[in-house]
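Before any comments, here is the structure.
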Amino acid sequence: MTCQEILKQLNPEQGEAVSTTEGPVLVLAGAGTGKTRVITFRIAYMLSRGIPAESILGMTFTNKAAREMKERLAQLVDPKLAERVTLGTFHSFCGKLLRREIKKLGYLPNFTIADESDQLGIFKQAAGEAGCGSDFPFSAAFNIMSGWKNRLITPEKARKMAGNQFEVMAGAAYGKYQELLELQNLVDFDDMLMLTWRIFKEYPEVLEKYRERYRYLMVDEYQDTNGAQFTLVKMLAGERCNLCVVGDDDQSIYSWRGADVGNILDFPKIFKGTKVVKLEQNYRSCNAILNAANAVISQGGDSRRHTKQLWSALGEGRTPEIITLNNGEDEADFIARLIEQRKRERNCSYSDFAILYRSNQLSRQLEQTLRGANVPYRMVGGQQFFQRREIKDALAYLKLMSNPLDDQSLLRLLSSPPRGIGAKAVSDLKSYRLEGRGSMFEALNSGEFRAKLSRPAAKGAEELMSVFARFKPLFEQPGGLSGKCAEFLKETGYIPGLQKIYKDIDDAVKRRDNVDEFISAISQFELKRGEPATLTEYLEACSLLEESEREDEADEEKDAVTLTTVHAAKGLEYPIVFVIAMEHGIFPHERALDEGGADEERRLFYVAVTRAKEELYLLRTRMRMVRGVMHPSRPSGFLGMIDGEFAKSQTPDDLLKTVDRDTLAAKFAELYEFMKS
DNA sequence: ATGTTTAATCTTTTT
DNA sequence: GATTAAACAT
């Protein structure tokens with residue numbers, strides 16, 4: 001495709017974003033304005049202008065986004081050429097860099113990635129060692145530390161900056177935490193960014209190498225970048241600064257996770273000569289929905305905002321409906337009935353519907369009712385596969401195999417299944433480690449150490465270690481991973497021990513099935529990859545894999561209603577959307593309001609509204625079960641922002657009766673508009 | 001050392 | 001209401 005052909009397929013603003021390849025560019029892409037299209041076409045445009053594919057780097061937040069872009073790019077240009085463009089998440093980019101360079105910082109290249117529960121466990125230990133008592137507020141301190149790491153604040157700096165006693169303690173715990181991680185050759189998610197930053201800073205020649213390689217940078221969902229990501233991007237862009245960021249400040253909903261909206265608000269100030277392009281034509285929703293969305297987003301208290309006014313050429317459409325039900329059960333019932341009715345009337349499929357909610361627990365009632373009503377559904381996120389105990393246990397075995405210094409994993413697998421190693425032996429291991437005699441893994445391997453343990457403990461340790469020793473050379477060879485893992489998990493006694501761990505026979509069978517599924521996921525990984533993989537490579541991919549990505553293939557195929565949190569729905573779209581529990585304290589969430597996140601809650605509602613293409617139903621109840629007790633509820637303030645002018649209230653029964661008539665009326669109105677023009 | 005009961009906690013969660 | 005860790009008993 002030539003440049004001209006590419007530009008012909010875009011609107012003028014999109015074209016401007018695509019054809020400005022040099023210098024800093026900020027693309028403010030409102031909801032549904034063709035953001036992904038702009039990014040992929042921009043890359044295609046650059047390629048057709050002769051820019052080498054190897055020098056283009058695109059950063060996303062999710063693997064899903066990266067994969068989608070790869071796929072769409074492969075449709076635009078020669079797939080072989082598309083493959084040579086680097087498209088990946090921040091973390092996968094940093095992960096690859098660290099495997100090559102982390103030796104410089106004293107870590108081993110086979111480091112494993114600490115997940116959230118590892119982090120919490122290690123932090124508790126760190127706080128203990130730093131002298132924090134049992135009354136020390138762990139989770140608050142952990143959050144503080146997380147904030148520091150997001151902003152690339154080192155332990156030394158944190159301690160210097162500390163303004164009160166609590167922060168001093170948290171800083172001390174932070175320092176200890178980093179020591180413990182390094183000792184175990186572990187890297188947490190924040191470290192992946194932070195250690196990359198350290199390498200760039202301490203080894204300018206490495207930074208220079210990457211700058212020379214990646215001369216054209218693009219960042220997706222830029223409103224969600226944190227301080228660390230901003231700094232990395234800025235470093236890589238350097239003087240050349242061919243940096244194009246795409247995002248929407250109105251959809252900034254991850255500040256609680258360290259995202260800094262300031263990055264997108266101040267981009268033009270930080271990067272002089274920035275070309276700002278606003279995309280305001282929405283290709284997703286009808287105007288009735290956009291009007292409601294515009295009302296929600298413009299009524300806020302955010303003084304700092306890139307103003308945008310979305311418009312659509314898709315006609316007026318149906319006015320959003322506000323429906324009040326008695327309780328959660330009625331609400332779910334009503335949705336089930338309306339889905340069946342609308343499906344018949346519109347002759348559409350279940351997958352055209354989505355039900356959105358603020359917090360995961362709200363899905364329970366829905367699941368129950370939809371199951372009872374035989375409405376097929378698919379849940380996004382929810383209880384996550386890799387969070388399940390049996391999977392985490394299985395992973396602990398593999399992680400320890402890959403990184404023997406990982407005490408966290410070692411402690412986890414010692415008691416699953418029980419093998420005679422209990423509290424006494426564990427405390428011996430901990431003191432061995434504290435005395436600096438070596439890692440826990442080495443302790444278990446030492447006859448001297450084992451001699452001090454009880455008979456059964458020593459025996460258990462010896463058997464376990466002999467299996468590890470036997471499999472070590474096998475795992476050093478790449479390829480045949482799933483078979484080796486299955487064999488390894490059997491030999492170590494983990495799989496045979498499942499019945500022992502889970503007494504309930506049905507439970508044990510289910511867990512066993514999950515472990516089997518886990519092993520088949522490994523073989524799928526190998527298959528997809530094409531070339532023989534090592535265990536370390538698999539574990540990294542596994543840690544960086546988002547949950548939604550390992551949905552069952554069969555699940556993805558089936559026609560089903562989508563159930564999801566609003567957060568997880570970002571970037572998705574559905575013809576018909578329900579938002580449930582529009583009640584004060586739930587949406588907006590009380591705790592978010594307490595923490596000063598009123599504007600973010602509103603933006604979250606904006607995200608919810610803009611998921612709908614044609615029909616939007618906002619539901620609330622008079623009574624709701626909260627944590628097991630019935631509670632009277634008040635309508636969400638968000639409803640008041642749109643009720644009357646942009647949405648109409650209906651009783652559930654009237655709506656079920658009249659929805660058909662309204663659809664016809666809307667069709668006639670559209671036809672009329674069309675005839676007029 | 002391991003199995004059982006009680007108490008505490010509960011927003012969102014791209015990596 | 002449901003899940004999970006810490007205290008308690010076997």
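Labels below follow one simple rule: chain letters A, B, ... track the order of the sequence lines, proteins then strands, and each chain is numbered from 1. Reckoned from all heavy atoms, side chains included, excluding hydrogens, waters and symmetry mates. Owing to the predicted nature of the structure, the values given are computational and were not obtained by experimental measurement.
By the ring pair (Phe, Tyr, Trp, His ring centres under 6.0 Å) test, Phe230(A) pairs with no residue at all, sequence neighbours left out. Annotation: side chain to side chain donor-acceptor pair (under 3.5 Å) contacts of Ser415(A) (sequence neighbours excluded): none.
No engagement by Asp190(A) is indicated, since no non-hydrogen atom pair under 4.0 Å with the nucleic acid exists. Residue-level contact check: Gly420(A) touches the backbone only, with heavy atoms under 4.0 Å from sugar-phosphate atoms and none from bases. Backbone-only contact: Ile421(A) has heavy atoms under 4.0 Å from sugar-phosphate atoms and none from a base. In this structure, Arg455(A) reaches neither bases nor backbone, as no heavy-atom distance under 4.0 Å exists between it and the strands shown. Glu116(A) comes within contact range of at least one nucleobase, with a heavy-atom separation under 4.0 Å.
For the residue pair Asn185(A)/Asp406(A), the side-chain donor-acceptor check at 3.5 Å is not satisfied. No side-chain N or O of Glu182(A) forms a donor-acceptor pair with one of Gln178(A) less than 3.5 Å apart. Inspection of the Ser117(A) and Lys392(A) side chains reveals an N or O donor paired with an N or O acceptor under 3.5 Å. Side-chain atoms of Thr621(A) and Glu583(A) form a donor-acceptor pair, as typed in the model, at a separation below 3.5 Å. Residues Glu367(A) and Gln365(A) have side chains that never bring a donor and an acceptor to within less than 3.5 angstrom of each other.
Atom pair Leu87(A):CG and dT14(B):P shows a separation of 21 Å (rounding to whole Å applied). Separating the CG atom of Leu572(A) from the C1' atom of dT14(B) is a distance of 12 Å, rounded to the nearest angstrom. Residue Glu221(A) contributes atom CD, which lies 15 Å from atom P of dT13(B) at whole-angstrom precision. Spacing between atom CG of Leu120(A) and atom P of dT13(B) amounts to 18 Å, rounded to whole angstrom units. In this structure, CG of Leu362(A) is placed 15 Å from P of dG1(C), rounded to the nearest angstrom. The distance from atom NZ of Lys64(A) to atom P of dT13(B) is 13 Å, rounded to the nearest whole Å. Atom-to-atom, NE2 of His91(A) to P of dT13(B) comes out at 17 Å; the value is rounded to the nearest Å. In this structure, the CG atom of Leu429(A) is 15 Å from the C1' atom of dA1(B), given to the nearest Å.
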Before you tell me yes or no, could you show the steps for His589(A) and Trp256(A) under ring-ring contact (aromatic ring centres under 6.0 Å, His included), namely the whole-Å CA-CA distance, both residues' side-chain angles and the distance that decides it to 0.1 Å? CA-CA 13 Å; His589(A) 199 279; Trp256(A) 52 274; over 10 Å; no
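More than 12 non-hydrogen atoms from other residues, nucleotides or ligands lie less than 6.0 angstrom from CD of Glu129(A).
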Polar-atom pairs under 3.5 Å, protein N or O versus N or O of nucleotides 3-8 of chain B: list them with distances, or write none.
unit_1 : atom_1 : unit_2    : atom_2 : d
dT4(B) : OP1    : Lys503(A) : NZ     : 3.4

What's touching nucleotides 10-12 of chain B from the protein side, N or O pairs under 3.5 Å?
unit_1  : atom_1 : unit_2    : atom_2 : d
dT11(B) : OP1    : Arg591(A) : NH1    : 2.3
dT11(B) : O4'    : His589(A) : NE2    : 3.2
dT11(B) : O2     : Arg358(A) : NH1    : 3.1
dT11(B) : O2     : Arg358(A) : NH2    : 2.3
dT11(B) : O4     : Glu595(A) : OE1    : 2.9
dT12(B) : OP1    : Asn360(A) : N      : 2.7
dT12(B) : O4'    : Arg358(A) : NH2    : 3.1
dT12(B) : N1     : Arg358(A) : NH2    : 3.4
dT12(B) : O2     : Trp256(A) : NE1    : 3.4
dT12(B) : O2     : Arg358(A) : NH2    : 2.4
dT12(B) : O2     : His567(A) : NE2    : 3.4

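Taking the ring centre of Tyr397(A) as origin, the terminal cationic atom of Arg412(A) falls outside the region bounded by 6.0 Å and 45° from the ring axis.
DNA chain B is contacted by both Lys570(A) and Lys424(A); Lys424(A) maps to the nucleotide lying nearer its 5′ end (nearest heavy atom per residue).
In this structure, the side chains of Leu120(A) and Glu116(A) stay at 4.5 Å or more apart for every pair of heavy atoms.
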Counting primed atoms, P, OP1 and OP2 as sugar-phosphate and everything else as base, the B/S/- map of nucleotides 2-10 of chain C against protein heavy atoms under 4.0 Å is S--SS----
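Among pairs with a residue in residues 625-634 of chain A, none fulfils side-chain hydrogen bond (donor to acceptor under 3.5 Å, both in side chains), at least two apart in sequence or across chains.
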